[in-house]
Structures are given as structure tokens and as C-alpha cells.
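One structure is given below, encoded as C-alpha cells.
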There are 2 protein chains.
Amino acid sequence: MKAKITLKDIARELEVSISTVSKALKNSEEISRDTKEKVQAFAKLYNYKPNNIAISLKNKRTKNIGVVIPDIVHHFFTTVIRGIEKYANAKGYNVIVCLSEESFDKEVINMEMLANGSIDGFIMSLSSETQQKGDYNHLKEVTEQGIPVVLFDRITNEVECDKVIIDDALGAYMATKKFIEQGKTKIALITTDDYLSVSKARTSGYKKALEESGLGVQQSRILKLPSMEMDEQRIGTFLESQEIDAILCVNEIFAVYSMRLAQSKGLKIPEDISFIGFTDGLLSKYANPSLTVVSQHGEKMGEVAAKMLIDKVESEDDEETYQTKILEPTLVIRDSIFH
Amino acid sequence: MKAKITLKDIARELEVSISTVSKALKNSEEISRDTKEKVQAFAKLYNYKPNNIAISLKNKRTKNIGVVIPDIVHHFFTTVIRGIEKYANAKGYNVIVCLSEESFDKEVINMEMLANGSIDGFIMSLSSETQQKGDYNHLKEVTEQGIPVVLFDRITNEVECDKVIIDDALGAYMATKKFIEQGKTKIALITTDDYLSVSKARTSGYKKALEESGLGVQQSRILKLPSMEMDEQRIGTFLESQEIDAILCVNEIFAVYSMRLAQSKGLKIPEDISFIGFTDGLLSKYANPSLTVVSQHGEKMGEVAAKMLIDKVESEDDEETYQTKILEPTLVIRDSIFH
DNA sequence: TATCAACACGAAACCGTTTTCGCTTAATAT
DNA sequence: ATATTAAGCGAAAACGGTTTCGTGTTGATA
């Protein structure tokens, strides 16, 4: 086992000072050609690499960014991470991933762990518990310490920081309009409880499209499901009790699950009933029929978030100006609607 | 913006030495009750938290573990990460995730970045390019430096380190046996190219089951697909050219995609043709019919890998004994076969 | 021959901790 | 009264780098 070599080792071996070695490796003008060559050759031979920790301590910069998300077994978050990784890596940053598992406490603990020097900034999406509680003190503390934060997707207005979202309302609006264009009039919405910022936005876009088209909103056509667990009973009765010819779902799973239920009741898709979901994941692509979705461009979102964060981290002046980038969603047309 | 407070700040303010503050905060016997109380009160008031980087430098321990995987937009890897995160977090470790994107070079670069002090050990699954090349020098260098490595799922025998895999051969064997039990005799396999260690193992399990049952292996019933991209043409002709009554697929996507193709050709599942895939992801659960799969227990695998790594990191003696843990796969029975 | 740059390098401070060791001071034992 | 001990604290080294500021040597110039 050959341990890592340090500047001190090189200095001792070559009988020069540590400072000389450090400068020689940086190709400083101060050091003679001779010495530089000797040092560099030696360093290369023994595969010297500076210790990241020591440099971090000196520079007060870790080149790590902390990503805190509610769940990783989730296509959207996973694509966002990929986008972040891609941009961050290109800029020489590493990504520390922490999972809040939708828990407020875990979110707080994770942030505290990372905020003590481990990272240069945060990219995060709020846990549902946090959004429900409306307690953002952990975020405020971090920003007050001068640690930049970029919030994405599940955000809040109560924290002053950069933000990236897609226009969820627009996405739902586009989808609903699409149904209407295709002659659907009894359009339902399957969503989650309102405390999730995205669900709220999507519901509003859905309503706006209906009202604009003179169809009007019927509360009975809006089904709120508590969690990610499917409730065959409730969806089943929902499908039967209402005369519905199209359903917008706030996620893939709701959509695919409802499609199967509809099919099992003898309904044909998209003739009898059309479906559009959110999140362009594997499920939509390989569903039968394949599912039309509002794509959230997770990877793009990740890249944008990473860029915003790194720009802030690397900017000299700490002007306190924050921006919110709103990405446009796209409709990915597949077989669950006419085309 | 209130910056983080340091030991030095506390020492200056309280007119004691840095050492005294440090000891007082650790409740050292050396320090008087009085001083300890004063220091601790002050520290709490100003929310003092030790700087992780400084501690890392001192202890030569970062409490970070590096996870290098080929892809994150992939259910299996994602569950493994969750398992790692869970265990690591409970032990006070953070997880740095790096994506090789199936590229050898990226894998190397990522490891080099992290190996210079950023992490205490690696958990990784090899990129396909690495397995194809058979070049494991980057792994060997890291282990020679005394950095512990745990390989999972996509492993190699050429590196001496801890490993965790599921018994892929057994999984395929169990699945194939299941087909046979149910009276299927013309059992096909859809797999990827052989260089992936897991594909090889699965193929061997499939063959073993056939031979054991006296059915014999027919090469024409083994379809090798190059990448993750579906090839409708090839799968289509494969389905038609062979008389097949069951297909084992080495992943979910192959299985779900083939099921749809089979259905579109008028075949009924599972009566005419049965399917079993690998990976118990969303796709299998929500497919129509739902897909029977060999579950790889990704989360468990992650936990086991994290435990192995952290045990090694924290063990005093560096005995060079390595173990390979083999997890048992489980058949998750769903509607794509009889039951 | 005295002066002065330029050159090449080293000493030391610093980043924020931990930890060993030594120094005072006062209390106890002899 | 003197020696011994313990309590309470501080100085300093160490982790591995970077960087500022000297400093000694050299050769050229006045």
C-alpha cells in the first residue's frame, strides 16, 4: 500500500522547501527552470495530487454542491440530478445527494450536516412535509450565512433565493386545452393534496383552461388522492360516478393506473376516454397505450439550477439579487389521446 | 449575513485560549465547571458548529462516501442509492454521487477527483465500457492507496475488494424453472451483449435450468440486443420466427416492450406466451398485464454495501480480507405468468 | 570597488480543528 | 517550611496546502 505523497514528502526528498515545491508545481515564474523540472518530474513520477481537503480549508471553497431532494426513486428527480451532475462535473464540482424522504426533520438534519463547510451551495426541492408545515427557517438560516441556495420544482415564496420551476399551470392549461380541442368536454383532474406547490399550480391551469373555454369547473370532477399509494376503490368509483371523457393526472402513476382501471371497465382509450399525465418517464413511454404527458424537462432544469448556483458561488460580489427561471413545459403526444 | 463563528472567535470574545474552548465544548475534565458553562452557553447562543473541513483535515476522515454508478435514471441503481443513503446517513456519512454514464473515461476521472481526500471509500458499479475493456487499473490504484472499495452488481474478479451481488444465475434459473413448472417448453431469452457480468450470469442460469429439465438450449432462442434502445424490427421477427411460449428478459424494458409487441400480434399473456423480467421497478408493477420479475433487492444491496464499506473504513486493523456477499433474488409473481 | 536589481528560494502565517505537553497556582503532605 | 500533587489553563504542533514577504546570492552597472 503506497500512501498518497504530500508536498512535504517531495520537499524532503528533493531537499528544497515546501513553498518551492508548491510554486514549482504551479509553474511559478519565481522558480528556476531547473528546479521546476526536477520537482514536476518527481511529482509526476510519484503521481502527486494535491489534497482536496487541505485546499478546501485554505480556499474556503469545497467544490461540492449539496442536493437535497425528497425522493430518489422517482424519474423526475433522477433526471434533475443527472442534469445537475452533468453541469457541475463539467465545472469541476461534485454532487452530494441527500434524501429528505419527504420528511421535514430529515431535510433539516441533512442541511445542517452539509452547511458546516461541506458544500458551497444547495440545490433543493422541498419535502412535502416542509411545504405542508410552511416552516422554512432552516433555509433562511443557511441563506443568512451566505450559502447560496437554488430551489427547484417544489419551491416557496417565503425564502429569498434563486428558483427554477416549470410553468406547471401552463402545462396543465396546455393539456386541458388539448383535450378541449379534441372535442372532450367532461374533463377530470386527478391530483394530490393542495399543499404541494406544483399540484396547486397544475390545478389552477386546469381550471383556467376550462373556464376560458366556457366549460366551467365542476368540483366533483376533481379527485384528490392523499399519497402515492393507489386507491383502486376511490379511482374506480370516481370513474364510474362521473361521466368523464378525459382525465388529466398530476403524475405518471395516477395516469397509468387510471388507464388500466378504465380499460378493465371496457373503456377504449382514447376514443371513450383520453389521458394526459405529468412527468415524461419510462412508465409513460412503455404504457399501453403509451401516455401523452406534460414533460417537465428535468435534465434541463437540473442544468439550469446548477448553472445558477455555480454562477452565484463563483461571483465575487455578493449582490443580493435573485431570479426565478420558469421553464416551458412541452406536451409529448402519445397514444392516450388522438393524434 | 452573519458568518459562521469559529473557535477562535469564541476564544477572543471570552478571553480564553482556543484550546480551552475546544476542550470545554467537548466537556473535558480538564476544564472547570465555570469555564465550561460559560463557553457552552456562548457556543449555543451563537450556534457554533465545528467546521467539517477542518475536522476532516485533522482526522484524515471525511465522513463522505463516493458512489460511482453508470446511470441514475434507472430504477435499480436508484434503489441502491437509497439503501446506501439510508445506512450511511444513519452512520453520519454523506454520499457523493458520480455518474460514469457507462463511460470508462468518466469513471476514471470521477474516481480520481474523489480519491484525493474527498471521500473515505467507494461504492461502485462498473460502467459497461469498463467491463468491455477489462481495464481496472483505476480501481487497483485506489485500493493500493488504501481506500476501501465495495463493488456491487456489475463487478469484476480482477480487483480484490469487497463485493455485493445478487445471485443472477440463480434468479434466471428460478425464473426459467417457473416457466417449466407451468408447462412452458419453448422458452426464449432476451439479453444484452455478454460483456456485462450480469447478463452473462443470467444467461448461464437460464441455460442450466433448461438443461437440467432436459429441454436443451437452442441458440436461436437467445436474442442479444446491443443497447437499451428497443429494436422493434428484431424483436418482432424474433417473436415470429420462433415458436415461443415464454420469454425471460434481462431487464424490465425488454420485457414490457416485448409484451406489447406480442399483444399487438394477437398473443394472449400468459396463455399463449408468458413473460418474466429482471428488476422490480415501476414499469413491471404498472405494466398491463403486470410483469412477473426477478427482484434484485436494490435497497438491501445498497445497505449491505454501505455497511461493508463503513465497517472497513472504521476498522482499525487493515487486514486484507475481502468478502463477496451474494444476495438471493426473489420472484415477484404478477400477471404475466400463471398463478 | 561599491551599489543595485534581479533571481531563486525559504520562513512563516493562515485556513479551523484536535491534542499533547508544560506551566502556574494553590492545596496538601511531610 | 519545604516538597509534592492536582487542577486549570495556554502554547504549540499537526493535518496539507497557498501565499506574502523576506533574504542571500549573483551579475551588471556606476
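Phosphate contact (OP1/OP2 of dT17(C), side-chain N/O of Tyr48(B), threshold under 4.0 Å): present. Considering only side-chain N and O atoms, Thr35(A) lies nowhere under 4.0 angstrom from the phosphate OP1 or OP2 of dA8(C). For dT18(D), one of the phosphate oxygens OP1 or OP2 lies less than 4.0 angstrom from a side-chain nitrogen or oxygen of Ser22(A). Under 4.0 angstrom from either OP1 or OP2 of dC15(C) there lies no side-chain N or O belonging to Thr6(B). Phosphate contact (OP1/OP2 of dG10(C), side-chain N/O of Ser17(A), threshold under 4.0 Å): present.
Lys8(A) comes within contact range of the sugar-phosphate backbone alone, with a heavy-atom separation under 4.0 Å but no base atom that close. Heavy atoms of Ser19(B) sit under 4.0 angstrom from at least one base atom. Within 4.0 Å (heavy atoms only), Lys60(B) reaches sugar-phosphate atoms of the nucleic acid but no base atom. Contacts of Lys26(B) with the nucleic acid, taken as non-hydrogen atoms under 4.0 Å apart, involve only primed sugar atoms and P, OP1 or OP2. No engagement by Ser56(B) is indicated, since no non-hydrogen atom pair under 4.0 Å with the nucleic acid exists.
With hydrogens and angles disregarded, no donor-acceptor distance shorter than 3.5 Å links the side chain of Glu303(A) to the backbone of Gly298(A). A donor-acceptor pair is defined here as one N or O able to donate and one able to accept, closer than 3.5 Å; such a pair exists between the side chain of Asn110(A) and the backbone of Leu99(A). Under the 3.5 Å distance criterion, the side-chain polar atoms of Asn64(B) are left unmatched by any main-chain donor or acceptor of Tyr93(B).
In this entry the distance linking CG of Leu7(B) with P of dG10(D) reads 13 Å, nearest Å. Summarising the geometry, the separation between NZ on Lys4(B) and C1' on dC15(C) is reported as 16 Å, rounded to the nearest angstrom. Rounded to an integer number of Å, the gap from CD1 of Ile53(B) to P of dT18(C) is 14 Å. In this entry the distance linking CG of Asn52(B) with P of dC15(C) reads 18 Å, nearest Å. Look at CD1 on Ile18(B): it is 11 Å from C1' on dC15(C), rounded to the nearest Å. Note: CG (Asn116(B)) to P (dC15(D)) measures 18 Å, nearest angstrom. Taking atom CD1 on Ile55(B) and atom C1' on dA14(D), their separation rounds to 15 Å, with Å as the unit. Rounded to whole angstrom, the span from the CG atom of Leu57(A) across to the P atom of dT19(D) amounts to 14 Å.
Of the candidates dG10(D), dT17(C), dG17(D), the closest approach to any side-chain atom of Val16(B) belongs to dG10(D). Among the nucleotides dC9(D), dC9(C), dG16(D), the one closest to any side-chain atom of Ser32(A) is dC9(C).
If you check distances only, the side chain of Lys23(B) never reaches the base of dG8(D) with a donor-acceptor pair under 3.5 Å.
Summary of the strand contacts: Ala54(B) and Lys36(B) both lie near DNA chain D, and taking for each the nucleotide with the nearest heavy atom, the more 5' one is attributed to Lys36(B). Annotation: of the two residues near DNA chain C, Lys58(A) and Glu30(A), the 5′-most nearest-nucleotide partner is Glu30(A).
Under the 6.0 Å distance and 45° angle rule, Lys307(B) does not count as a cation-pi partner of Tyr87(B).
Within a 6.0 Å sphere centred on CD of Glu160(B), heavy atoms belonging to other residues, nucleotides or ligands number 12 at most. Remark: Glu144(A) CD is packed, more than 12 non-hydrogen atoms of other residues, nucleotides or ligands lying under 6.0 Å away.
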